[in-house]
Amino acid sequence: MINNISVLGSTGSIGTQTLDVVDKLGMNVCALTAAKNIELLEDQVRKYKPRLAVVFDEEKAKELKLNISDTDTRVLSGMDGLIAAAQIESAELVLNSVVGMVGLLPTIAAAKAKKDIALANKETLVAGGSLVTDAVKENGVKLLPVDSEHSAIFQCIQGMPEKRALKKLILTASGGPFFGKTAADLQNTTVEEALNHPNWSMGAKITIDSASMMNKGLEIIEAGRLFDVDCDQIDVVVHRESIVHSLVEFTDNSVIAQLGLPDMRIPIQYAITYPNREPSPVAELNLAQIGNLSFFEPDYETFKCLTACKKAFKMGGVATAIANGANEEANALFRQGKIKFLDIGELVSGAVDNVENFTPKTVDDVLKADALARKYVTDRV
């Protein structure tokens with residue numbers, strides 16, 4: 001098992017749960033990063049004594065540097081800092097749990113530095129596509145999924161004799177707080193209502209993505225790229241209890257599922273300890289106590305983000321980066337009270353249909369598509 005880890009996004013939901021797993025496994029932390037939460041980051045630095053701490057916000061980084069001047073931890077800021085944390089020499093594994101497109105360059109940097117990557121930043125694969133998977137292959141490193149759905153699929157295919165045995169991936173979705181609601185029901189949805197997820201504790205951006213079903217759309221694209229399957233080989237089923245984390249159907253129509261309590265520390269730990277398994281900090285699953293497991297078809301008409309992501313995936317090129325960029329901008333605008341909840345799906349769909357699609361050759365091409373998508377959204381607010 002690895003002993004040294006760099007955690008990008010250590011003050012977020014996934015980051016703090018990762019450090020809980022790290023505590024249980026007795027690992028060494030080489031680098032920690034945050035967007036701007038320097039209070040929690042300072043506590044983490046004093047506990048884990050990393051060689052490097054990064055704050056994306058430059059002014060906050062200066063503040064942290066003063067606050068921890070009595071330690072041996074070096075402080076950096078911005079994208080250069082994130083890349084340094086991703087490439088720090090002592091790390092064997094980089095866990096990337098930053099939110100949004102900001103995670104793309106550090107992921108590629110980690111691969112080029114020959115670091116194995118535990119990926120909780122789905123936007124990296126959605127927007128970067130083959131630029132990321134090619135970097136992983138060329139440098140001979142592991143790309144290990146942390147999202148509960150992709151970890152479930154990864155676990156289900158262990159021991160699969162050959163790729164042609166795989167028929168279909170089935171991603172489960174909780175349905176979020178608005179399961180069963182129609183567009184008419186959601187006309188005046190508040191931010192507080194959208195943040196009220198029934199099963200999972202996540203950051204604000206991801207929770208809104210779950211409410212709009214954008215999160216599942218992004219996961220379709222991520223699954224396609226992680227497991228090299230077409231969009232038509234990926235299904236979504238709404239599973240309210242969040243106990244079945246995803247399933248795989250094989251050519252003989254056997255279906256294998258991974259089950260567990262809705263606790264991210266299970267997939268986080270599996271990514272860290274792979275291919276081994278260690279005792280978990282998560283409670284055992286008691287099926288008799290759960291009682292019933294239910295499954296439903298998703299509502300593609302009401303939750304337009306899901307449809308837009310599938311369309312973008314089939315289009316290829318930078319269409320998935322366009323969908324992601326438009327959503328990041330629309331999601332933020334909704335949280336700021338500048339647009340309505342249903343506007344998110346309309347704007348993402350509109351960007352996929354109207355922003356120029358082209359084949360990316362470099363990361364700069366992906367960043368250009370992202371910027372065009374964001375401009376499409378802001379021009380309509």
Side-chain angles (χ1 to χ4, degrees), residues 1 13-14 16-18 20-21 23-25 118 120 122 144-161 165-181 196-202 206-207 209-211 213 215-216 219-220 222-223 226-227 229 233-299 303 306:
M1 191 179 76
S13 175
I14 297 295
T16 53
Q17 291 178 86
T18 296
D20 187 30
V21 171
D23 288 341
K24 302 292 190 299
L25 296 174
K122 60 176 60 68
L144 302 160
V146 171
D147 275 351
S148 60
E149 296 84 357
H150 303 94
S151 176
I153 292 167
F154 184 60
Q155 292 180 59
C156 289
I157 64 173
Q158 298 304 305
M160 183 175 70
L166 193 155
K167 182 178 179 181
K168 189 187 297 181
L169 307 181
I170 305 168
L171 299 174
T172 55
S174 70
F178 302 139
F179 171 71
K181 301 290 186 182
N196 187 27
H197 197 282
N199 298 336
W200 294 95
S201 174
M202 305 175 288
I206 299 173
T207 305
D209 280 350
S210 178
M213 295 289 283
N215 201 44
K216 207 54 49 181
E219 287 172 6
I220 290 172
E222 185 181 6
L226 274 171
F227 305 109
V229 298
Q233 288 179 271
I234 305 172
D235 282 349
V236 172
V237 62
V238 176
H239 168 55
R240 296 296 285 161
E241 296 81 9
S242 295
I243 296 298
V244 178
H245 297 300
S246 278
L247 313 91
V248 174
E249 183 176 342
F250 296 96
T251 50
D252 62 357
N253 292 333
S254 292
V255 177
I256 294 179
Q258 187 263 331
L259 286 70
L261 294 175
D263 191 313
M264 284 303 299
R265 292 174 296 175
I266 293 175
I268 290 168
Q269 180 167 295
Y270 189 65
I272 291 173
T273 63
Y274 175 80
N276 300 319
R277 292 185 184 268
E278 299 292 332
S280 173
V282 180
E284 288 185 10
L285 173 65
N286 185 323
L287 286 173
Q289 209 170 59
I290 298 296
N292 296 295
L293 301 175
S294 58
F295 303 92
F296 306 89
E297 289 287 339
D299 180 353
F303 299 96
L306 192 55

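What you see is a predicted model; the values in this text were computed from it and never measured. Only heavy atoms go into these numbers, but all of them, side chains included; no hydrogens, no water, no symmetry mates.
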Which value, rounded to the nearest 0.5 Å, describes the distance between Met264 atom CE and Asp20 atom CG? 13.0 Å
Keeping Arg240 on the side-chain end and Gly176 on the backbone end, is there a donor-acceptor pair under 3.5 Å? yes
Can you name the one residue among Lys216, Lys122, His245 that meets side-chain hydrogen bond (donor to acceptor under 3.5 Å, both in side chains) with Glu149? Lys216
List the steps and the verdict of side-chain contact (heavy atoms from CB on, under 4.5 Å) for Ser280 and Arg265. CA-CA 8 Å; Ser280 173; Arg265 292 174 296 175; 5.7 Å; no
Looking at every non-hydrogen atom in both residues, tell me the closest pair between Leu166 and Val248 and how far apart they are. CG-CG1, 4.2 Å
For Ala271 versus Leu144, what's the shortest heavy-atom pair and its separation? O-CD1, 3.3 Å
With Asn215, which of Asp147, Ile206, Leu306 fulfils side chain to side chain contact (heavy atoms under 4.5 Å, CB included)? Ile206
Looking at every heavy atom in both Met213 and Gly175, which two are closest together, and how far apart are they? SD-CA, 4.4 Å
When rounded to the nearest 0.5 angstrom, what distance separates NZ in Lys167 from CD in Glu249? 4.5 Å
If the plane angle is over 60° it's perpendicular, under 30° parallel, otherwise tilted; pick one for Phe227 and His150. parallel
Could you give the distance from CD1 (Ile234) to CD1 (Ile170), rounded to the nearest 0.5 Å? 11.5 Å
Are any non-hydrogen side-chain atoms of Gln289 and Glu284 less than 4.5 angstrom apart? no
For the atom pair OG1 (Thr18) and CD1 (Ile272), what is the distance rounded to the nearest 0.5 Å? 5.5 Å
Atom OG of Ser148 and atom CD of Glu219: how far apart are they, to the nearest 0.5 Å? 6.5 Å
Heavy atoms of Leu261 and Ile266 approach each other most closely as O-CD1, 4.2 Å
Once rounded to the nearest 0.5 Å, what's the spacing between atom OG of Ser246 and atom CD1 of Ile256? 13.5 Å
Could you check whether any side-chain N or O of His239 sits under 3.5 Å from a backbone N or O of Val244, counting only pairs where one atom can act as donor and the other as acceptor? yes
For Phe303 and Ala211 the tightest heavy-atom approach is CE2-O, 3.4 Å
To check you understand the geometry: which heavy-atom pair defines the closest contact between Ser174 and Ser210, and what is its length? OG-OG, 4.1 Å
What orientation do Tyr274 and Phe154 show, parallel under 30°, tilted 30 to 60°, or perpendicular over 60°? tilted
Do Ile153 and Leu171 pass the side-chain contact (heavy atoms from CB on, under 4.5 Å) test, and can you show the C-alpha distance, the side-chain angles, and the key distance before you say yes or no? CA-CA 8 Å; Ile153 292 167; Leu171 299 174; 3.5 Å; yes
Has Asp252 got more than 12 heavy atoms of other residues, nucleotides or ligands less than 6.0 Å from its CG? yes
Is a side-chain N or O of Gln269 found less than 3.5 angstrom from the main chain of Glu278, in a donor-acceptor match? yes
